[in-house]
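Labels below follow one simple rule: chain letters A, B, ... track the order of the sequence lines, proteins then strands, and each chain is numbered from 1. Since the model is a prediction, treat every value here as computed from it, not as a measurement.
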Amino acid sequence: MFTELNSILNSTPDSFTQGEFILVSDRRSDASFLIHHFLSLYLRARCRVWFLGLVQSFNHYSAVSQRLGVSLAQAKEKGQLVFLEGLKESLSVLIPQETNTGSQAMDFLRDPAVGLKSLYEFVRSSVSSSSGRDEGADGAEEWGPPVLLVDDLSVLLSLGVSVGAVLDFSHYCRATVCSQLQGNVVMLARCDGEEEEDDEDDEGSERLLKGLTHQCSLTLHVQGLPTGYCRDIHGQVEVCWRRRQGDGQHAQKKVFQYKVHDKGASFFARGTSSAVL
Amino acid sequence: MILKYFLAEGVVCRHELFVAAAHDNPDDILQELPAPILDDVAIHKPVEQPRLSCEPQDSLDAMKIAWRYQNLPKVQSALASSSRFGHYYDVSKTMEPEIRQAAKCHRFYLPEHPTQSSPTHSTMLQSYSALLKSLQEVIHREGFEVAAPMSKSRNILRIGLHSLGSVLWGDDLCCHDNPSNSHALTTFLYGLRALLRSSLSVAVVTVPSHLIQDRALMGSITRLCDNAIALESFKGSERETNPLYKDYHGLLYVRQVPHLNCLASKLPDHKDLAFKLKRKQFTIEVRGAELHFWIALTFALHMLSGFTEPRAKQTRRSQARGCVTARQRALSRTESRLDQCIVFLFQSHSSELKTRKVTQVLHNVSVLTCPRLSAGLPEDYSSCFLFLPDKRSSDAHTHTHTHTHTKAMCSTEKRPL
């Protein structure tokens, strides 16, 4: 949890906006440090977290979260965290064995044209079953609203899933988690090309990014500095609130620069990096 | 092959090897490993971080490395570090058979694995499926899995995969613009990543990126790996005759740096690396800074003739201080010349050293920067210097301004000399 980012987003473990769909995106950069922030924030806020870790192992997130002060192993034991380790599950699909013990979530690897229905079913069934259980609390702990974290969506495109299927998946997740259950969804989407480039074949990840931007209520877009590589400032984050209140859409944008440390990240207004001043 | 260095290092460190190739027999590749130089000579630390060290990662999770090459003649690498990781190799000799046979090698030679009759269970090609299956068998059999019991001593498996994505593996990524199986390689890399994360192994993969036209595909391949390095040879390109590059054989780009189990990755200090292939060695260095400096300086001096108009200088000075002034015709002409001039000026590293040199050469010069010029700065440049002949004799102070944003907001950095 990065304290400066919390003050920027006006969210603390005790109070944060519910029903939000947060899109974390990057262009030629790496925004995964923000995923760690949201993971530790929501775990500290005592929410139940469903994490689809499709690109890294559980140990990676565990090691980083340890430095941010949250123990993932403990959260998993208590039942607060449900972690889908995409890499591990995928092996049982990609290398067929006689006994297939994995969950059905990564079945889309078999035939990506079918879409992400199996992945969504995994999310829906585990999220709804737990919220049903909470109502008849038999001494179980009181958890906050459900939160779904996905890291990351662009790898699904690399694995052959179509952009439409990924957008459908995110839409269904939003409908289930945000609207029905008043929870939050955080998804990471990565992009590689330059923004101004206009390819005839609208590249998959660009389309995905555009589609997701329309669906979400808050975007954090990470980019490198426009003037190039700098050791002390790792890049810039553009935060955009897309409120959908009754009074119409109201988008507010702010740009910050950031530097990632071993134990967190610091955010500052442009030009006020400690290395510069 | 840089792959050969990786495997040679494995032999010397007594790791186990797994070599897969579609065209060259793995045995041939193994026979051509470079010979290690066994006397310990300390070589100065090159800028490139030695990813091919023999030390395993602190955590037992494994890394995946991807190397790409482009129009590259056969090179061997001899990366070294001052902390004595790694060994040095003599490219002109091959490794002794006794040393080589001491290491256990597993091979995967594609022609030996005929295509099976059963259909693949995913979008991967037969060849990649077979390779993945064979890798998993070796990892399981030899006990490289992280989850395996800790009874016997653990070793590291070094996996070298040669020329994935090429036609030799049955993949048409390199032939067509719209390949029929565009996700075969990426699915395989995903499976490989899964295998590596759950075992004590490191993989180096070479991909002929000069044959793959789709940039988005290269982007997804890079993101699926932990480390990515691209080598671009000068052979056959216009840079071969460029005097700036005459000492080097090619450029080395670090596309991706790993950050496993940590939030921040160690970014390389210098991003401007070039390599050269000597008779016995392959070295990587920071691109020649000195030559750039003098060429730039000469060019800048040629441009100075347009800068002596006094009103132009005044306007520039006040602009540098941040005041808004009316644009004058004369100024816009000089500014456009300044735009051309700035393109050649200094790179971001060791700029302090250059500043000192510059003031030694050009006394009675005041250095100003023009904020407008930051629009269109090429990527590598974080400081720009502008030289103007100064009427004041003793006032040779210099300001250096760093502009980090091209549009309205500029941040300024003052670095005292």
Side-chain angles (χ1 to χ4, degrees), chain A residues 28 30 32-33 36 55-57 59-60 62-64 67-68 86-91 93-96 109-112 152 154-155 157-160 190-193 199 203-205 225-231 233-234 236 255 257 259-265 270-273 275-277, chain B residues 59-61 118 121-124 129 132-133 135-136 146 178 182-184 186-191 193-195 197-198 215-224 256 259-265 267 269 271 348 374 377-382 402-407 409-414:
Chain A
R28 294 182 146 191
D30 193 0
S32 47
F33 69 99
H36 295 292
V55 283
Q56 298 278 19
S57 60
N59 288 333
H60 168 81
S62 187
V64 180
R67 286 184 214 177
L68 297 178
L87 287 172
K88 214 163 65 161
E89 306 284 337
S90 70
L91 274 184
V93 177
L94 292 176
I95 309 177
L109 284 171
R110 246 179 226 130
D111 187 9
D152 63 64
S154 315
V155 76
L157 293 180
S158 319
L159 293 172
R190 309 188 65 184
C191 208
D192 206 36
D199 287 330
E203 199 235 291
S205 52
L225 292 175
T227 41
Y229 172 62
C230 174
R231 219 182 328 170
I233 305 173
H234 290 161
Q236 70 181 31
V255 181
Q257 290 176 343
K259 179 175 178 176
V260 182
H261 313 292
D262 203 33
K263 291 204 174 195
R270 275 184 291 186
T272 58
S273 156
V276 170
L277 290 177
Chain B
S59 70
L60 293 183
D61 286 336
S118 60
H121 292 259
S122 61
T123 51
M124 274 198 296
S129 292
L132 203 60
K133 199 166 163 103
L135 260 174
Q136 196 196 36
V146 176
N178 285 327
S182 50
H183 300 284
T186 44
T187 315
F188 168 75
L189 286 177
Y190 190 76
R193 191 184 174 95
L195 270 181
R197 287 287 192 271
S198 58
R215 245 191 54 185
L217 182 59
M218 282 319 299
S220 17
I221 291 176
T222 309
R223 280 198 297 269
L224 279 168
Q256 182 151 287
H259 54 267
L260 276 182
N261 299 329
C262 60
L263 205 50
S265 47
L267 298 168
D269 283 338
K271 288 198 93 182
S348 46
S374 49
L377 266 186
E379 248 190 357
D380 284 338
Y381 300 83
S382 68
T402 309
H403 297 273
T404 57
H405 202 278
T406 57
K407 297 196 183 120
M409 298 274 302
C410 291
S411 79
T412 56
E413 171 187 349
K414 284 202 172 94

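Contacts between A/K263 and chain B at a heavy-atom distance below 4.5 Å involve the backbone alone (N, CA, C, O). Using a 4.5 Å cut-off between heavy atoms, A/H261 contacts chain B through its backbone alone, with no side-chain atom that close.
Annotation for A/L159 and B/T187: closest pair CD2-CA, 3.8 Å, computed over non-hydrogen atoms. Nearest heavy atoms, B/G191 versus A/L94: CA-CD1, 3.6 Å. Residue A/L87 comes nearest to B/A194 through the heavy atom pair O-CB, 3.1 Å, listed as atom of the first residue, atom of the second, then distance. When all heavy atoms are compared, the tightest approach of B/R197 to A/S57 is CD-OG, 3.9 Å. For the residue pair B/Y190 and A/G86, the shortest heavy atom distance occurs at OH-C, 3.7 Å.
Comparing A/V155, A/L68, A/V55, A/D262 by how many heavy-atom pairs each has under 4.5 Å with chain B, the most go to A/V55.
Residues passing the side-chain contact (heavy atoms from CB on, under 4.5 Å) test with A/S32, sequence neighbours excluded: A/D30, A/L188, B/H259.
Without hydrogens or angle criteria, A/S158 side chain to B/T186 main chain gives no donor-acceptor distance under 3.5 Å.
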